Number of protein chains: 2
Amino acid sequence: MQGIRHPGTARERLLSAAVELFAEHGVSGTSLQMIADRLGVTKAAVYHQFPTKDEIVLAVIGPPLSRLEPIAEAAERHRTPAARRMSVLSGVINLVVEHRRLSAVVSYDPVVARLVRQHPAVATLERIVALLTGPDPDIATRVGVAMVGGGLISVGMDPAMAGLTDDELHRQLFVTACRTLGVRAPRAA
Amino acid sequence: MQGIRHPGTARERLLSAAVELFAEHGVSGTSLQMIADRLGVTKAAVYHQFPTKDEIVLAVIGPPLSRLEPIAEAAERHRTPAARRMSVLSGVINLVVEHRRLSAVVSYDPVVARLVRQHPAVATLERIVALLTGPDPDIATRVGVAMVGGGLISVGMDPAMAGLTDDELHRQLFVTACRTLGVRAPRAA
DNA sequence: GTCTATAAGGGGATAGAC
DNA sequence: GTCTATCCCCTTATAGAC
């Protein structure tokens, strides 16, 4: 709360630059020097904000991962498996659409995958998958859910979809995911 | 053709080790030292087989990429857009199933993506997407095709699907992809 | 918050012996 | 085909001044 600065605090600008670079080069392919260069500062300034590179990655993935818990909780308040599935699907799509570029990094970067495995949110992720499959899923259902998971992220990161607004993309993903899962989509709001 | 050796020529063993490591750590996260260590040789021995690291990546992605062309050609021999779509879908699924781990590397590793962009096979890839969408696709169709593309790869790399045989996985992916695309799957053979 | 300077190590890559 | 030895650069990370 001092002078006006365009994109936020130094920490926020750093994380924003990191996300872009991670998406473009991968975490292993992004050096602290690259992050510093994009911000127009030196590496030491980066180290002033975060003690290690891993801490930067954790700070990047933490906020989106922490949003999984409320998605699962909201879904579990519904009574039928079908309603729970629709609720969690909508929540996950919201998250993916909102973090189009980051989702792919979280899902597919090997360095991030290692950090995610040690993250408390993995348990929530399993809950979410269970909510999507429903109880005692057969192979076809599990394939469908896995396909939706990867598909959402791929579409989100697709440059050809960059022109779509978040609302449009959400609608498209929702109806397509419902088809993949073999369920009738509720009529649109 | 000399003495018996278990996994093939030195070059083949190197590429096999490279694929595993690329899938596990990403290309940027895989050093030539790691490849050499896995083979029980030194870096210099690796450099004897390939002049640069990029050449290793190209040798890894070349064979699967070269299989795109016959897939597109076979599909284009069919007369109707629907038949072409089913043909290309089956061919792509074959490819993904056969290279479960490699597909994710080719599709999502930023280093590989850069090399793929300069590869002649990109044109074929566009042809394949066009065959899947059909002429003058609307947004919903393009979303469906993008979702199938990413979904196939995600399911292929999913450890939970590792227990499925190639044939089983192919069948599951085919019917699920057809649902996503909103087409009736032809009855199984 | 940012800088200069530097340490310590690993990266890709090369030369030349065996 | 494989080795030892080496080069140079970039990496993460630290220390301390401004």
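Per chain, numbering begins at 1; letters A, B, ... match sequence-line order. Here the structure is a predicted model, which is why all the values come from computation and not from measurement.
For the pair B/Leu32 CG and C/dT14 P, the computed distance is 11 Å after rounding to whole Å. One can place CD1 of B/Ile35 at 17 Å from P of C/dG10, the figure rounded to the nearest angstrom. Distance CG (B/Asp37) to P (C/dG12): 12 Å, rounded to an integer number of Å. Distance CG (A/Leu39) to P (C/dC3): 10 Å, rounded to an integer number of Å. B/Lys43 places its NZ atom 21 Å from the P atom of D/dG1, with the value rounded to the nearest Å. Distance B/Ile56 CD1 to C/dG11 C1': 13 Å, rounded to the nearest Å. Whole-Å rounding puts the A/Leu14 CG to C/dT2 P distance at 9 Å. The interatomic distance linking B/Phe50 (CZ) with C/dT14 (C1') rounds to 18 Å, in whole Å.
Ranking C/dG1, C/dC3, D/dT11 by closeness to the A/His48 side chain, first place goes to C/dG1. With distances taken from any side-chain atom of B/Ala44 to the nucleotides D/dA13, D/dT2, C/dA15, the minimum falls on C/dA15. Side chain of A/Ala10, nearest nucleotide from D/dG1, C/dG12, C/dG1: C/dG1. Side-chain proximity of A/Val41 to the nucleotides D/dT12, C/dA13, C/dC3 is greatest for C/dC3. Which of D/dG1, D/dA13, C/dG11 sits closest to the side chain of B/Gln49 comes down to D/dG1. The listed nucleotides are C/dG12, D/dT2, D/dT12; the one nearest the side chain of B/Tyr47 is C/dG12. When the nucleotides D/dT4, D/dA13, C/dG12 are ranked by their closest atom to the side chain of A/Lys53, D/dA13 comes out on top.
With respect to the salt-bridge test (charged N to carboxylate O, under 4.0 angstrom), the residues B/Arg100 and B/Asp158 do not qualify. A salt bridge between B/Arg101 and B/Glu24 is absent, with no side-chain N of the basic residue lying under 4.0 Å from a carboxylate O of the acidic one.
Proximity of A/Ser31 to the phosphate of D/dC10: no side-chain N or O atom is located under 4.0 Å from OP1 or OP2. In this structure, B/Thr42 does not reach the D/dT2 phosphate: none of its side-chain N or O atoms is under 4.0 Å from OP1 or OP2.
In this structure, CG on B/Leu68 lies 4.5 Å from CD1 on B/Ile128, to the nearest 0.5 angstrom. Rounding to the nearest 0.5 Å gives a distance of 11.0 Å between NE2 of B/His48 and CG of B/Leu14. A distance of 14.0 Å separates CZ of A/Arg142 from CG of A/Leu132, quoted to the nearest 0.5 Å.
At a threshold of 4.0 angstrom between heavy atoms, the contacts of B/Thr30 are confined to the sugar-phosphate backbone, with no base atom among them.
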